[in-house]
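Any value given below was found using the heavy atoms of this structure, including those in side chains, with hydrogens, waters and symmetry copies removed.
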Amino acid sequence: MRMRPAALAALIIATASTAAAQTAPAPFTGRDLSGSYACTGVDGHEGAYTSTVTLEMDRARSHGKRAGYHFKMEVPNYGTYRGVATADGDALAITFAHEDPATQDYGTGIATVGLTKDGKVRFDKFYYEEAYKGGNTGTESCVRN
């Protein structure tokens, strides 16, 4: 069966539109972790510390229960770290780097997201830094303000 060019073009457009609609990502339905967090941590080299973490969701890249975030951590008297985070349900992965590259203070963390007894969002993180002072690990607990 031969199709006229106009009919063939209409069929191609209809098929492409249907395929695009089927592959469009689902809207975000997970827990939005955006906000400011008060954190306490213990660093393998530096010891106990406090910080403020800010997570800002990248809504264009967040779908279903998965989300991408811009990450910023400010540590008093030490500096600012920037990075990205990705959440999948209650799992959160974070990459971060101190704004001064000379410190070689950068790494990756993995965290579990939950709620405090009074219902505030929290995450508990373990991190690894390959280069900082010959290698380092630490833990951090953060509660959303």
I need the minimum non-hydrogen distance between [X] and [Y], along with the two atoms involved.
X: A67; Y: M57; result: CB-CE, 4.2 Å
X: P76; Y: S51; result: CD-CA, 4.4 Å
X: G35; Y: R144; result: CA-CD, 4.2 Å
X: H63; Y: A26; result: CB-O, 3.1 Å
X: G68; Y: S62; result: N-OG, 3.1 Å
X: E140; Y: C39; result: CG-CB, 4.0 Å

Under 4.5 Å between side-chain heavy atoms, counting indirect links through other Ile/Leu/Val/Met/Phe/Trp/Tyr residues: same cluster for V75 and V143 or not?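 Shared cluster, no.
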With the 4.5 Å side-chain cut-off for hydrophobic clustering, are M73 and F126 part of the same group?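 As far as the 4.5 Å side-chain criterion goes, F126 and M73 are not connected within one cluster.
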Report yes if some heavy atom in the side chain of V121 is under 4.5 Å from a heavy atom in the side chain of L33; otherwise report no.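 When only atoms from C-beta onward are counted, L33 and V121 do touch, with a gap below 4.5 Å.
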Sort and list the pairs that fulfil ring-ring contact (aromatic ring centres under 6.0 Å, His included) and have at least one residue in residues 25-44, not counting sequence neighbours.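 Non-adjacent pairs meeting ring-ring contact (aromatic ring centres under 6.0 Å, His included): Y37-F123.
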Test log, rule side chain to side chain contact (heavy atoms under 4.5 Å, CB included), inputs R122 and S141: CA-CA 7 Å; R122 69 172 295 134; S141 293; 3.6 Å; yes
Please check if the side chain of T29 supplies one atom and the backbone of G64 the other of a donor-acceptor pair under 3.5 Å.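 Looks like yes, one N/O pair under 3.5 Å.
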Give a yes or no answer on whether the side chain of H45 reaches the backbone of G135 with a donor-acceptor pair at less than 3.5 Å.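 Here the side-chain-to-backbone pair exists.
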For R59, which residues count as a salt bridge (Lys or Arg N to Asp or Glu O under 4.0 Å) partner, sequence neighbours excluded?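 R59 satisfies salt bridge (Lys or Arg N to Asp or Glu O under 4.0 Å) with D32 only.
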Test salt bridge (Lys or Arg N to Asp or Glu O under 4.0 Å) applied to E129 - qualifying residues, sequence neighbours left out: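 Testing E129 for salt bridge (Lys or Arg N to Asp or Glu O under 4.0 Å), a comparison that skips the adjacent residues, returns none.
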Going by the rule ring pair (Phe, Tyr, Trp, His ring centres under 6.0 Å), which residues pair with Y106 if we only count those two or more places apart in sequence or in a different chain?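 Partners of Y106 under the ring pair (Phe, Tyr, Trp, His ring centres under 6.0 Å) test: none.
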Taking atom [atom1] of [X] as the centre, report whether more than 12 heavy atoms of other residues, nucleotides or ligands fall under 6.0 Å from it.
X: D118; atom1: CG; result: yes
X: E56; atom1: CD; result: no
X: I110; atom1: CD1; result: no

Matching residue for Y127 among N136, T95, D43 - test: side-chain hydrogen bond (donor to acceptor under 3.5 Å, both in side chains):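 One option only clears the test, and that one is D43.
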Decide ring pair (Phe, Tyr, Trp, His ring centres under 6.0 Å) for Y78 and H98; before the verdict, give the C-alpha distance in whole Å, the side-chain angles of both, and the deciding distance to 0.1 Å. CA-CA 9 Å; Y78 194 73; H98 193 279; 5.1 Å; yes
Tell me, which pairs form a side chain to side chain donor-acceptor pair (under 3.5 Å) where one or both residues lie in residues 81-90, sequence neighbours left out?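 Residue pairs with at least one partner in residues 81-90: R31-D90, R66-D88, Y81-D105, R82-E99.
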Only counting residues at least two apart or in another chain, list the ones meeting side-chain hydrogen bond (donor to acceptor under 3.5 Å, both in side chains) with K133.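 K133: side-chain hydrogen bond (donor to acceptor under 3.5 Å, both in side chains) contacts with E46.
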Is there a side chain to side chain contact (heavy atoms under 4.5 Å, CB included) between H70 and D58? Walk through the geometry before answering. CA-CA 7 Å; H70 303 283; D58 181 346; 4.1 Å; yes
If we count only N and O atoms by modelled type, under 3.5 Å, do the side chains of D124 and T112 hold a donor and an acceptor together?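 There is no such pair between these side chains.
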Apply the test side chain to side chain contact (heavy atoms under 4.5 Å, CB included) to residues F71 and L55: give CA-CA distance (whole Å), side-chain angles for both, the deciding distance (0.1 Å), then the verdict. CA-CA 5 Å; F71 173 88; L55 291 175; 3.7 Å; yes
